[in-house]
Visitor: 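Let me begin by handing over the structure; questions about it come next.
Nothing here was measured: the structure is a model prediction, and the numbers come from that model.
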Amino acid sequence: MTALATDARSLLGFFERLPGPLSTAWLMLGLVLGWWLYVPIHELLHVAGCVLAGGSVSRLEIDAIYGGALLAEVFPFVVSGSEYAGRLTGFDTGGSDLVYQACVLMPYLLTIFPGFWLWQKALARERPGPGSMLAAGGLLPLVAAPMISLTGDYYESASIVVSRLFAGSAGRPLEAWRSDDVFRMIGDWTAAWTVADVAAIAGGLVLALVLALATMQLGSVLGHCLNRTTRGPEVVAAPVHAEEDAA
């Protein structure tokens, strides 16, 4: 994970180069705006992934605070209001796991590109200004999305694989271990727990972590490769030491 470690050092260096305490206000403003814009885009990309792969969509719930009411006027399948920020509750994959995976993972293409690439460019500024501070905060939801969705979309992606491999032999239907909210699935569980159930859910979480880190690593590596072709050496966290005497 060398590329991600480099990004972590770049983030620390970026914080060290901020011109003053009030600079964090720009970062937080960027983070809030970035999250507000990312949520509806993320949910619509779930729809795009499903449809482009050959599935169909009938209901996408988006909370009103993220523009659910406005989007409902544009897209007939959007419903304003959700117990989540947004959730695709009506879709048909035709029984295809490939369509299902496309539906689940499509939004994370933004993490791979251009998320990390643009975020790295913002962090590399030697003298961060309002623009780079807004960008650093605003792009954070894109680059961190896989980890944020570890028990959501990424568990769901992993559970598709786990259930396809082991549900039949464990005497469970494919849907038993599949969910976009692992905590809700456990809370709503009604069947008697078995060792296979515990192992499948635990294994799904481990695989989800591997997939999330792989997504971020891919985005980080691609970003560094693209940035090396357009500028010189990247700025990373400067070593902490006392300033040299002028004499």
Visitor: Verify the distance criterion only: is there a donor paired with an acceptor across the side chains of Q120 and S10 at less than 3.5 Å?
Guide: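 Their side chains do not contain a donor-acceptor pair, so the 3.5 Å distance test is not met.
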Visitor: Donor-acceptor pair, distance only, cut-off 3.5 Å: does the side chain of D181 make one with the backbone of R184?
Guide: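 Answer holds: yes.
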Visitor: Verify the neighbour count for atom CZ of F166: are there more than 12 heavy atoms of other residues, nucleotides or ligands below 6.0 Å?
Guide: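 Not buried by this count: 12 neighbours or fewer within 6.0 Å.
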Visitor: Is it the case that the side chains of Y66 and S82 hold a donor-acceptor pair, with the cut-off being a distance below 3.5 Å and no angle test?
Guide: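 Distance-only check fails for S82 and Y66.
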Visitor: Going by atom types alone, do R178 and S163 pair a side-chain donor with an acceptor below 3.5 Å?
Guide: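 Distance-only check passes for R178 and S163.
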Visitor: So, the side chain of T151 versus the backbone of V182: is there a donor-acceptor pair under 3.5 Å, distance only?
Guide: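 Checked: no pair found.
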Visitor: Taking the side chain from T24 and the backbone from P21, do they hold a donor-acceptor pair closer than 3.5 Å?
Guide: yes
Visitor: Is it true that a side-chain atom of S149 and a backbone atom of A145 form a donor plus acceptor pair closer than 3.5 Å?
Guide: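 Yes, because the side chain of S149 sits within donor-acceptor range (under 3.5 Å) of the backbone of A145.
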Visitor: In terms of relative ring orientation, are F116 and W119 parallel, tilted or perpendicular, with 30° and 60° separating the classes?
Guide: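 Aromatic pair F116/W119 classed perpendicular.
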Visitor: Quick check on I41: does its CD1 atom have over 12 non-hydrogen neighbours (other residues, nucleotides or ligands) under 6.0 Å away?
Guide: yes
Visitor: Using the ring of each side chain (for Trp, its six-membered ring), is H46 parallel, tilted or perpendicular to H42, with breaks at 30° and 60°?
Guide: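 Plane angle over 60°, so perpendicular.
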Visitor: Can you find a pair of side-chain heavy atoms, one from V161 and one from L165, that are under 4.5 Å apart?
Guide: yes
Visitor: What's the spacing between L139 CG and K121 NZ if we round to 0.5 Å?
Guide: 11.5 Å
Visitor: Are any non-hydrogen side-chain atoms of T194 and D197 less than 4.5 angstrom apart?
Guide: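 A side-chain contact exists here, since the closest heavy-atom pair is under 4.5 Å.
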Visitor: Residues in ring-ring contact (aromatic ring centres under 6.0 Å, His included) with Y100, at least two apart?
Guide: F91
Visitor: For residues L31 and W26, determine if any side-chain heavy atom of one lies less than 4.5 Å from a side-chain heavy atom of the other.
Guide: no
Visitor: Kindly indicate whether the side chain of R17, heavy atoms from C-beta on, has any atom under 4.5 Å from the side chain of R127.
Guide: no
Visitor: I need the L142 CG to L118 CG distance, nearest 0.5 Å.
Guide: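 Reported to 0.5 Å precision, the distance equals 8.5 Å.
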Visitor: Could you go through the side-chain contact (heavy atoms from CB on, under 4.5 Å) check for D153 and L105 one step at a time?
Guide: CA-CA 7 Å; D153 288 341; L105 295 177; 5.8 Å; no
Visitor: Do side-chain atoms of S159 reach the backbone of E156 as a donor and acceptor pair under 3.5 angstrom?
Guide: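 Side chain of S159 to backbone of E156: a pair is present.
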Visitor: Which heavy atom of I112 sits nearest to which heavy atom of L222, and what is that distance?
Guide: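 Looking at all heavy atoms of both residues, the shortest contact is O-CD2, 3.7 Å.
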Visitor: Hey, does V51 have a side-chain heavy atom less than 4.5 Å from the side chain of S56?
Guide: no
